[in-house]
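Remarks on the structure that follows.
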There are 2 protein chains.
Amino acid sequence: MVLRIPTRRVLADDVYEQIRALIMSDGIAPAARVNIDEIARRLDVSPTPVREALARLESEELVSRLPLRGYRVTDLLNRKQVDDLYALRLLLEPPSAALAAGRMTAESVALIESELATCPAAPADDAYDDYKNLTAHDQRLHELILRIAGNDAVLQAFAKTHCHLHLFRLNFQQPFGVQTITEHRAIAEALVAGDEVGASAAMTAHLEIARSRLLDRM
Amino acid sequence: MVLRIPTRRVLADDVYEQIRALIMSDGIAPAARVNIDEIARRLDVSPTPVREALARLESEELVSRLPLRGYRVTDLLNRKQVDDLYALRLLLEPPSAALAAGRMTAESVALIESELATCPAAPADDAYDDYKNLTAHDQRLHELILRIAGNDAVLQAFAKTHCHLHLFRLNFQQPFGVQTITEHRAIAEALVAGDEVGASAAMTAHLEIARSRLLDRM
DNA sequence: GGATCTCTGATCCTATAGGATATTTGCGGG
DNA sequence: CCCGCAAATATCCTATAGGATCAGAGATCC
């Protein structure tokens with residue numbers, strides 16, 4: 001039995017992730033122009049897959065396109081944008097958490113528990129990697145809850161905000177860990193108990209704390 | 001004073017709209033494979049702008065991409081997807097309508113009134129064009145309300161569902177007009193009056209009626 | 001003398017043509 | 001009827017030419 005790559009990759013996929021990583025790690029500064037030829041030379045490919053990758057990145061608003069003038073990296077989120085983003089999440093996630101609480105199965109419980117278990121109790125050596133792991137965990141948990149709620153349109157709407165990605169770029173090395181974990185556990189407990197009102201309330205509290213914590217630092 | 005071309009267009013923009021129009025008008029059937037070379041020949045351009053246009057269309061889920069196997073037109077929405085879509089809209093739009101009601105200005109009132117005025121009282125000769133115009137009007141009005149509410153994240157999340165586009169593809173030549181107009185007017189009156197509760201309720205009623213009207217026909 | 005305009009050069013986006021590679025389809029053999 | 005092989009088709013990528021934009025230097029006008 002040969003183990004196959006689940007989805008075949010083409011060059012544009014790799015280029016896409018490379019550019020994305022470059023932007024995330026500030027390899028290309030915000031507001032900087034993106035030179036297609038330069039990227040192509042740097043990754044040793046032709047401009048064509050670079051163009052396709054940029055077209056995809058544009059849809060998640062990591063770059064913006066100016067006709068006949070090329071692409072540029074989008075600015076970091078400002079206060080209003082962060083505020084709006086959390087207002088949107090407050091519309092989507094608390095009702096979804098309530099829905100999820102009413103639809104919990106043994107399988108769902110196991111998924112929640114195992115996701116919580118992946119969370120590194122002890123921080124990693126590197127603060128940057130630590131922050132990155134925690135962000136990824138946070139994203140997986142929030143999306144898992146939406147998946148349990150069962151509304152694909154809501155899940156996609158949330159995913160397309162790419163909020164974790166944009167919030168990650170703000171990159172505040174704040175004491176993010178302990179409090180978040182505690183809040184996550186509160187949400188999980190309400191979900192496992194099938195407590196719809198409690199799950200909604202815990203999610204609301206979680207988001208509002210995160211929002212004010214973030215805005216205080218801007 | 002030099003008059004400038006408002007937004008420069010490149011070939012990929014035209015190709016994008018042409019393909020989109022083809023899909024919308026069933027010039028390419030749902031689930032059909034999209035041949036890049038064929039499109040290129042048909043529009044008399046090279047494959048490169050076609051590839052870029054398809055990458056953009058993928059982000060709004062009019063086509064889906066299978067690596068090394070090309071693009072295919074997405075299927076029409078099924079019952080669950082329609083149901084999910086309206087559930088999402090019910091999360092976003094009624095609260096936004098309430099917000100908008102509390103933020104109305106003289107300018108906002110004028111925008112609402114003029115949009116309502118654009119609605120063709122008498123149906124056009126062609127039923128297809130009539131349906132198209134009404135859909136476009138409906139989309140403009142709903143997005144205008146979100147714009148008045150002032151949360152760009154919500155507006156974008158709504159816009160990215162491309163719900164009017166997908167619902168249009170279902171293309172039911174139903175008696176869509178009169179009732180919708182009446183409901184719109186009810187929403188508008190509550191907005192102009194600054195009635196937050198009323199606006200929210202009118203929006204909720206509008207969406208729920210539209211949903212059941214649509215689901216009844218599937 | 002300073003400012004504005006124009007011209008020139010370089011850089012980069014846009015589009016085309018062509019070749020390499022992977023998949024699919026059809027056919028023959030077991 | 002199933003399996004394997006080969007030709008055909010289409011995707012994917014590269015290389016290159018054409019055209020637009022931008023920056024800078026020089027000239028002209030006030």
Side-chain angles (χ1 to χ4, degrees), chain A residues 1-23 27-59 61-74, chain B residues 1-23 27-59 61-74:
Chain A
M1 182 60 67
V2 59
L3 67 119
R4 283 248 320 275
I5 300 142
T7 59
R8 305 291 301 231
R9 299 182 62 78
V10 291
L11 196 51
D13 294 329
D14 292 326
V15 173
Y16 166 81
E17 301 220 346
Q18 295 257 12
I19 299 177
R20 190 175 144 131
L22 272 177
I23 296 174
I28 312 176
R33 296 265 297 266
V34 179
N35 187 323
I36 292 183
D37 287 344
E38 186 192 325
I39 299 284
R41 281 193 304 273
R42 209 153 139 185
L43 301 181
D44 195 33
V45 296
S46 77
T48 302
V50 177
R51 287 173 64 80
E52 186 163 338
L54 286 172
R56 263 188 258 173
L57 284 165
E58 190 193 6
S59 78
E61 285 166 85
L62 271 178
V63 301
S64 64
R65 176 173 163 283
L66 298 83
L68 296 180
R69 292 182 58 182
Y71 292 88
R72 61 183 284 279
V73 179
T74 55
Chain B
M1 183 61 64
V2 58
L3 68 117
R4 285 241 324 275
I5 299 145
T7 59
R8 303 289 303 226
R9 297 184 64 78
V10 292
L11 198 49
D13 294 330
D14 292 327
V15 173
Y16 167 82
E17 301 221 345
Q18 296 256 11
I19 299 176
R20 190 175 146 130
L22 272 177
I23 296 173
I28 313 176
R33 295 268 295 268
V34 179
N35 187 321
I36 293 182
D37 286 342
E38 186 192 325
I39 300 285
R41 281 194 304 274
R42 209 154 138 185
L43 302 181
D44 196 33
V45 295
S46 76
T48 302
V50 177
R51 288 172 62 82
E52 186 164 339
L54 286 172
R56 261 188 260 174
L57 285 165
E58 190 193 6
S59 77
E61 285 165 86
L62 270 177
V63 301
S64 63
R65 174 174 165 281
L66 297 83
L68 298 180
R69 292 180 57 182
Y71 293 88
R72 61 184 284 281
V73 179
T74 55

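Below, chains carry the letters A, B, ... as their sequence lines are ordered, and counting in each starts from 1.
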Q) Can you tell me how far P of C:dC13 sits from CZ of A:R72, to the nearest Å? A) 14 Å

**Q.** Value in whole Å for how far the P atom of D:dC12 lies from CD of A:E52
**A.** 7 Å

Q: Provide, to the nearest angstrom, the distance between the OH atom belonging to A:Y71 and the P atom belonging to C:dT11.
A: 22 Å

Q. How far apart are the closest heavy atoms of A:V50 and A:S46, and which atoms are they?
A. CG2-O, 3.7 Å

Q | Single hit among A:L54, A:D14, A:D13, A:L11 for side-chain contact (heavy atoms from CB on, under 4.5 Å) with A:P49 | A | A:L11

Q: Round to the nearest Å and state the distance from A:R65 atom CZ to D:dT21 atom P.
A: 14 Å

Q: Answer with base, sugar-phosphate or nothing: what part of the nucleic acid does B:V34 contact at a heavy-atom distance below 4.0 Å?
A: sugar-phosphate

Q | Nucleotide nearest B:L68 when distance is taken to its side chain, options D:dC12, D:dT14, C:dC13 | A | D:dC12

(Q) So, does B:R51 get its side chain near the phosphate of D:dT11, meaning an N or O under 4.0 Å from OP1 or OP2? (A) no

Q) Taking only N and O in the side chain of B:R69, is any of them less than 4.0 Å away from OP1 or OP2 of C:dT24? A) yes

Q: Quickly work out the B:R41 CZ to D:dT9 P distance and round it to whole Å.
A: 11 Å

Q | Toward the 5' end of DNA chain C, by each residue's nearest nucleotide, A:T48 or A:G70 | A | A:G70

Q. Please give, in whole Å, the distance from C:dT23 P to B:D37 CG?
A. 18 Å

Q. Between B:P47 and B:D37, what is the shortest heavy-atom contact and its length?
A. CG-OD1, 3.7 Å

Q) Separation of B:D14 atom CG from C:dA15 atom C1', in whole Å? A) 14 Å

Q | Any B:S46 side-chain nitrogen or oxygen under 4.0 Å from OP1 or OP2 of C:dT16 | A | yes

Q. What integer distance in Å separates A:E38:CD from C:dC13:P?
A. 10 Å

(Q) Does this structure show an ion pair linking A:E58 with A:R65, if we count only N-O contacts that are shorter than 4.0 Å? (A) no

Q | Taking every non-hydrogen atom, the tightest pair across A:A12 and A:R56 | A | CB-NH2, 3.6 Å

Q) Considering only side-chain heavy atoms of A:N35, which listed nucleotide, C:dC13, D:dC22, D:dC13, is closest? A) C:dC13

